[in-house]
Amino acid sequence: MMTCICRDVECHVTIKRLTCVCVVVLKLLLPDNFIEILYFSVGLNDSCIYKMLPIEGFTCFPGQMWDKVLSKVKKAVVFMDDKCAESLHWNGGATSVFEAGARNLKEFSSFEAGGENEPKAVFVVSTLLKGRTADIIKDIIGLSHFQYCVVFTTVAHSIQLLANNVTAELEGSPVFEQFEEKLSEWMGDMNYTAEVIHAPVVFAPVSPQLLLAPTFAHLFPLLPQDLKTINIKRTEKKMFVSLTDVDMQSLTPELQIEIKTLASAVNSMFESTSTREESFAVGPMSRLIAGELANHPQAKSRRKTATNKASIVFIDRTLDLTGAAGHHGDSLVEKILTVLQPLPGHTTDVQVDMLELTNLQHIPDSQPTLAPGCLAQTQSSTARLLWETMLASKQKEAVMEVRRQLVEAASKENLPIKMSLGRVTPEQLCSYVQLFKSSWGALESHCGVLQLGLATAQTLRHPTLPRWDACLAFERLLLQALGDSDFAGVLRQLLPLMKPRGEEGSSSESSSGSRSGEDECGPDELLVLLVYLYSLAGEAQPADDEEVEKVERELIGALTLVITRETELSPLLQKLTRCGSPEELTMERAHTAVEGVFETLKELSHARDHLKQFTSVYTASDGVHQATYRPFLRQVLEEIFHPDRPECPDIEHMSGGLTDLLKTGFSMFMKVSRPHPSDHGLLFLFLVGGVTPSELRLIREVVSAHKPGTQVLVLSTRLLRPTDIPELLFTTQRLVPDIGV
């Protein structure tokens, strides 16, 4: 029997299924000559791999938590909220629920209910068991005939207590016990069975290198305008000067609950793998989360007996918005996420049109009758490996691998494929995919690869894809202009783009290219470009404030006009203007929204003001080389893996107790080794606010170049597309996240 570091019998099956994934992880992180040994060792002795792969215990963790839920769903109707459903989507999907014996899987909504012959219900929620969440559960039970209810919540009991204003440590689980009584009461008989269980089903294993936490997709580092809101309730003497001064107690109750729940989930992962972690933080929000993890009540006893060690570095997304808003990544997955429509209720996955695998005809402007495909392929190991390649490779390599896999699948099924070399085209990929629709067996066997092939083809031929290249070209222009002009001059270069779509001559006169064809930038792209530029504002030559304000007023007026001339409002514009349709949108409402956008934009260039070393993500032109963007993440990793192990003032170690405090204090006047992120062979990078596919590739490249023996697992709140950034900056309630109350 194989050995797993989490020492969980249930994990053995999961690990066996992931053998192929283990080899891929090693291929990314270890020298080539070691690969042959590992392939050989798979055949001889599986256990030797897992002893060398502590990372495997962490990628098993989400599945183990879902196994806890699945053990209760037999003969039950399962009700699940969107955030938990997205986590399940990457952990086996609805198939795993039905295979575990569930009768039905439904949305967590007051408009849903169980049937007359369905006496058992399981609820899976990502929120507190009070307020709106409790009301919905009560509504569903009231419309049903349940005699047995099980409620799973991702929020730990200690946090449920805090939400009910109980700060003392109590024996047992009184909040859960009280809710069990309510469930029995709502079912109509106190003798009926009710259970409430904590299960941190918050992580989605998107790849062996990446765990996402969809539950916290809208958790984003605070901005200076949030500091003003916090200070409103404080006396003048107690006002915070900077975001770095903000502590947990000064945050809103909702944000405290959100941060504590996230820290609790990470702690559960370390607990299940018997890991002692050293926590580090770069940025104000990361400091709060890392501090909460370091001082988590259960973590102190865990660290005393832990058999494995790791470092975890939390990094604020706001320290590098240039990389998140930019189009320079050369990533196929970034483009897929950007141009294809998201799955309803999801922040990561997209809808893949499956029409080409059928004989149905496309009818313009009609509602689709065919269920969409997606990127999450949890049932097929071949499709899973293809997805991982797409996620980790440059676009050209990824597209060629998609073609290779389609050709290989067609060859296995003896389909009449016509081989062609050279450039991969979307038409070519579609022709390969269409071969499978004549054979149901072949289609079923290779459905995962076909979905990824269609996602690639639909992206490459999408009518809005040229906008990506248009944005990239303009970003390069802005980068060069920053070193040569003042900020007012650089801002002025945006004005020719600020024209309503399709307006004649709107951009034929501009140096950035045409705005009259498919590559014209809409309001969403213009907002992304503004974020890109303002995040680099500090790199420009000193400018006259009055001149900058004058150009900004022109931009506000122009962008307001662009938005009001839209014939259809994008989801971003609907959230920004709080209007569901163009008919509702007035010039005044649009102008107010755009003014708010510019108030936020002006503060973006100050995000790194508190840092001493990582102060810039821009390298100016030296006359020989062009100006370039230097990723913040690359700088942090190069510092972590520097052979001299220098102490970096911007990477703050978060103390987990008195011993660490003493060690840190004594190191000021004695030779005491302070904890360093590179101390252990396993490193976690937690990007608070999202990570891009390009950054995943960057991490792999930096680790391979500087310390190939280190295993790195990336955790983040979401997988970013450029248009996510304006939404998180301009429309998200950062101080008051939705906790279900």
Side-chain angles (χ1 to χ4, degrees), residues 25-26 28-32 34 54-55 209 244 275-284 286-287 290 294 308-320 322-323 392 539 607-620 622 625 628-656 660 663-688 691-692 694-716:
V25 176
L26 288 165
L28 296 178
L29 300 178
L30 297 178
D32 288 341
F34 201 46
I55 202 171
Q209 187 194 6
T244 56
T275 301
R276 174 191 171 93
E277 84 289 356
E278 294 290 351
S279 297
F280 301 85
V282 187
S286 289
R287 189 173 185 274
N308 301 295
K309 292 184 178 180
S311 298
I312 181 166
V313 182
F314 294 86
I315 302 173
D316 280 8
R317 175 77 264 174
T318 45
L319 299 176
D320 184 2
T322 312
E539 310 295 345
R608 293 182 297 273
D609 283 358
H610 66 283
L611 299 179
K612 297 175 182 176
Q613 184 171 331
F614 307 130
T615 56
S616 175
V617 294
Y618 177 79
T619 302
D622 58 5
H625 305 95
T628 56
Y629 155 67
R630 191 178 176 215
F632 186 85
L633 198 52
R634 178 184 292 278
Q635 297 179 52
V636 172
L637 286 171
E638 287 176 349
E639 184 67 18
I640 288 174
F641 296 129
H642 195 287
D644 295 337
R645 292 167 49 92
E647 284 191 19
C648 177
D650 297 336
I651 304 176
E652 183 180 357
H653 176 247
M654 304 306 296
S655 169
D660 290 333
K663 189 181 289 187
T664 304
F666 280 128
S667 68
M668 297 173 68
F669 51 88
M670 293 175 64
K671 284 191 175 181
V672 177
S673 176
R674 295 182 68 176
H676 191 274
S678 65
D679 282 343
H680 310 298
L682 179 58
L683 173 66
F684 291 87
L685 291 175
F686 198 122
L687 282 91
V688 182
V691 64
T692 68
S694 302
E695 287 171 333
L696 295 175
R697 187 174 73 243
L698 180 149
I699 291 167
R700 187 189 67 174
E701 291 170 353
V702 173
V703 172
S704 178
H706 292 270
K707 203 169 181 181
T710 302
Q711 295 182 96
V712 177
L713 182 62
V714 181
L715 293 89
S716 190

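Only a predicted model underlies this, so the values are computations on that prediction, with no experimental measurement involved.
Here CG of L687 is found 9.5 Å from CG of D320. Values are rounded to the nearest 0.5 Å. From I315, atom CD1 reaches atom CG of L637 across 6.5 Å, with rounding to the nearest 0.5 Å. Atom SG of C648 and atom CD of E638 lie 12.5 Å apart (nearest 0.5 Å). From N308, atom CG reaches atom CZ of R276 across 12.5 Å, with rounding to the nearest 0.5 Å. Within the model, atoms CD1 of I640 and NE2 of H706 stand 11.5 Å from one another, a figure rounded to the nearest 0.5 Å. Note: T615 OG1 to Q635 CD = 8.0 Å, rounded to the nearest 0.5 Å.
Of all heavy-atom pairs spanning E647 and P649, the tightest one is O-CD, 3.7 Å. For the residue pair Q209 and L696, the shortest heavy atom distance occurs at NE2-O, 3.1 Å. Between R674 and D679, the shortest heavy-atom distance links the atoms O-OD2, 4.3 Å. When every heavy atom of P677 is checked against every heavy atom of S311, the shortest pair comes out as O-OG, 3.0 Å. Heavy-atom minimum distance, V703 versus T710: CG1-O, 3.6 Å.
A search for side chain to side chain donor-acceptor pair (under 3.5 Å) contacts involving T244 returns S242, not counting sequence neighbours. Contacts of S716 classified as side chain to side chain donor-acceptor pair (under 3.5 Å), with partners at least two apart in sequence or in another chain: none. Applying the salt bridge (charged side-chain N to carboxylate O under 4.0 Å, His left out) rule to D609 yields no partners; only residues at least two apart in sequence or on another chain are considered. For E701, there are no side chain to side chain donor-acceptor pair (under 3.5 Å) partners, not counting sequence neighbours. Evaluation of the side-chain contact (heavy atoms from CB on, under 4.5 Å) rule for S616 yields E539, Y618 as partners, not counting sequence neighbours. With sequence neighbours left out, R608 forms a salt bridge (charged side-chain N to carboxylate O under 4.0 Å, His left out) with no residue at all. E639 pairs by the salt bridge (charged side-chain N to carboxylate O under 4.0 Å, His left out) definition with nothing, not counting sequence neighbours. Every ring pair (Phe, Tyr, Trp, His ring centres under 6.0 Å) that F614 has, sequence neighbours left out, goes to F632. Taking the side chain to side chain donor-acceptor pair (under 3.5 Å) definition, one finds that T628 meets it with nothing, sequence neighbours left out. Checked against side-chain contact (heavy atoms from CB on, under 4.5 Å), A281 has the following partners two or more places apart in sequence or in another chain: S286, R287, A290, M654. Shown here are the salt bridge (charged side-chain N to carboxylate O under 4.0 Å, His left out) partners of E695, two or more places apart in sequence or in another chain: R317.
Between the side chain of D622 and the main chain of H625, a donor-acceptor pair closer than 3.5 Å is present. For D650 (side chain) and Q613 (main-chain N/O), a donor-acceptor pair under 3.5 Å exists by modelled atom type. No donor-acceptor pair under 3.5 Å is formed between the side chain of E278 and the backbone N or O of H653. Side-chain atoms of H676 come within 3.5 Å of backbone atoms of S678 as a donor-acceptor pair (strictly under, hydrogens ignored).
In this structure, the side chains of R700 and V712 stay at 4.5 Å or more apart for every pair of heavy atoms.
Between F314 and the options F280, F684, F686, a ring pair (Phe, Tyr, Trp, His ring centres under 6.0 Å) holds for only F686.
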